[in-house]
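Here's the structure we're looking at; comments come further down.
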Number of protein chains: 2
Amino acid sequence: MGVADRFLSNATNKIDAKGRVSVPSVFRSVLARNGTQELYAYQDFIFPAISMAGAEILERFERQIATLDPFSEEANRMSLLVHGGGIFMKLDAEGRLQIPDFVRDFTGIADRVTFAGRGDHFQLWEPAAFEEMQARARRERMRPA
Amino acid sequence: MGVADRFLSNATNKIDAKGRVSVPSVFRSVLARNGTQELYAYQDFIFPAISMAGAEILERFERQIATLDPFSEEANRMSLLVHGGGIFMKLDAEGRLQIPDFVRDFTGIADRVTFAGRGDHFQLWEPAAFEEMQARARRERMRPA
DNA sequence: TGGGCATATATGGGCGTCAATGGGATTGCC
DNA sequence: GGCAATCCCATTGACGCCCATATATGCCCA
């Protein structure tokens, strides 16, 4: 993976009257370079954010689930999140995406979206929540484990 | 690493009307010698300064993250800082870089930037903050821990 | 050693291109 | 038929790319 092939930095864009937001062009470039057509979106396991990536990440999750006892609670929980909580999305010709209600509900996003790079994927945050979480991460970073 | 291959000394340059600053040529020489094309910038973990270096440092961070459980809070916090809070920047033909808003917010930089060498990387400071921090470092240098 | 010239550095600004956004028109679906 | 999603086009502001200029720096030679 080249250096420019990861999702890096963050940017905040406006949701228009029709419920669309532009995905930052830096991120769109990465998607194009990876040949990603369809985006898989799911509720993040840790943060109040929506994570997005190409479909390969879904396959990764499925492999992980496959390593578990299929009748275990763990496997069921995981599948519920990954399959039940995930959705495919695609960009329009201008590189925008529609923000569905479940995204607003889960993240608190209202009229602006912060796109945050996470290396192999990126996330959609409510701007203030992102700020706050980042500040907290900085504070807690060096705590003893 | 030869002696001339590290970032040494400091210099203060002006931000122009378009929000650009020249990177001191001593630093640009080091970058050229190391073959660094793309710069990775992140909010320093200790000081109110932006640290910049080649992409190796990002890879170092990522290796560190990779040692953690990918679903742990620790790993996610770290990635939020390293990926979400970092950015690739590149110099224009004249060796200048654009100062984005997050740099101003984090450092207090307004119209002038102090570039401070730190050996394997360099930093962007608000001039007065740098002075003060350096004075303090000098005072406290030999204090018992 | 000092003056003067050559060059590089820091800075300023024009201009074209692209990204982000807004909005009309058309299509598909309930 | 009405609502919403999609397609298409327009606008504006930011950014990248280019060239210009002044000042500082080093260099050469007397």
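So that the names make sense, note that chain A is the first sequence line, chain B the second, and so on, each numbered from 1. Values reported hereafter were calculated over all heavy atoms of this structure, with side chains retained and with hydrogens, waters and symmetry mates removed. All figures in this text were calculated on a predicted structure; none of them were measured in a lab.
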Between Ser25(B) and dT9(C), is there a contact of a side-chain N or O with OP1 or OP2 at under 4.0 Å? yes

Please list, chain by chain and in numerical order, all residues satisfying side chain to side chain contact (heavy atoms under 4.5 Å, CB included) with Pro100(A), sequence neighbours excluded. Met89(A), Phe102(A), Val103(A)

Roughly how far apart are Glu74(B) CD and Gln64(B) CD, rounded to 0.5 Å? 8.5 Å

Separation between OG1 (Thr114(A)) and CD1 (Ile109(A)), nearest 0.5 Å, reads 8.0 Å

When you look at Phe130(A) and Thr12(A), which way does the side-chain contact (heavy atoms from CB on, under 4.5 Å) test go after all the steps? CA-CA 10 Å; Phe130(A) 176 72; Thr12(A) 302; over 6 Å; no

Are Met52(A) and Tyr40(A) grouped together when hydrophobic residues (ILVMFWY) are joined by side-chain heavy atoms under 4.5 angstrom apart? no

With clusters defined by side-chain heavy atoms of hydrophobic residues (ILVMFWY) lying less than 4.5 Å apart, directly or transitively, does Phe88(B) cluster with Val30(A)? no

Within residues 94-113 of chain B, residues whose heavy atoms come under 4.0 Å of DNA chain D: Glu94(B), Arg96(B), Gln98(B)

Report the distance from atom [atom1] of [X] to atom [atom2] of [N], rounded to the nearest whole Å.
X        : N       : atom1 : atom2 : answer
Leu31(A) : dA19(C) : CG    : P     : 14 Å
Phe27(B) : dT9(C)  : CZ    : C1'   : 15 Å
Ile15(A) : dA20(C) : CD1   : C1'   : 14 Å
Asp92(B) : dA14(D) : CG    : P     : 18 Å
Asn13(A) : dG22(C) : CG    : C1'   : 14 Å
Asp16(B) : dC18(D) : CG    : P     : 18 Å
Lys18(B) : dA14(D) : NZ    : C1'   : 10 Å

Are Asp92(B) and Lys18(B) close enough for a salt bridge, meaning some N to O gap below 4.0 Å? no

Which nucleotide sits closest to the side chain of Lys14(B): dT9(C), dT11(C), dG22(C)? dT11(C)

From dT9(C), dG14(C), dC7(D), pick the nucleotide closest to the side chain of Arg20(A)? dC7(D)

Could you tell me if the side chain of Leu39(B) sits less than 4.5 Å from the side chain of Leu91(B), heavy atoms only? yes

What is the nucleic acid contact for Val26(B), judged by heavy atoms within less than 4.0 Å: base, sugar-phosphate only, or nothing? nothing

Should the ring pair Phe115(B) and Phe27(B) be called parallel, tilted or perpendicular, given that the plane angle runs from 0 to 90° and is split at 30 and 60? perpendicular

Which atoms of nucleotides 28-30 of chain C (N or O only) lie under 3.5 Å from a protein N or O atom, and what are those distances?
none

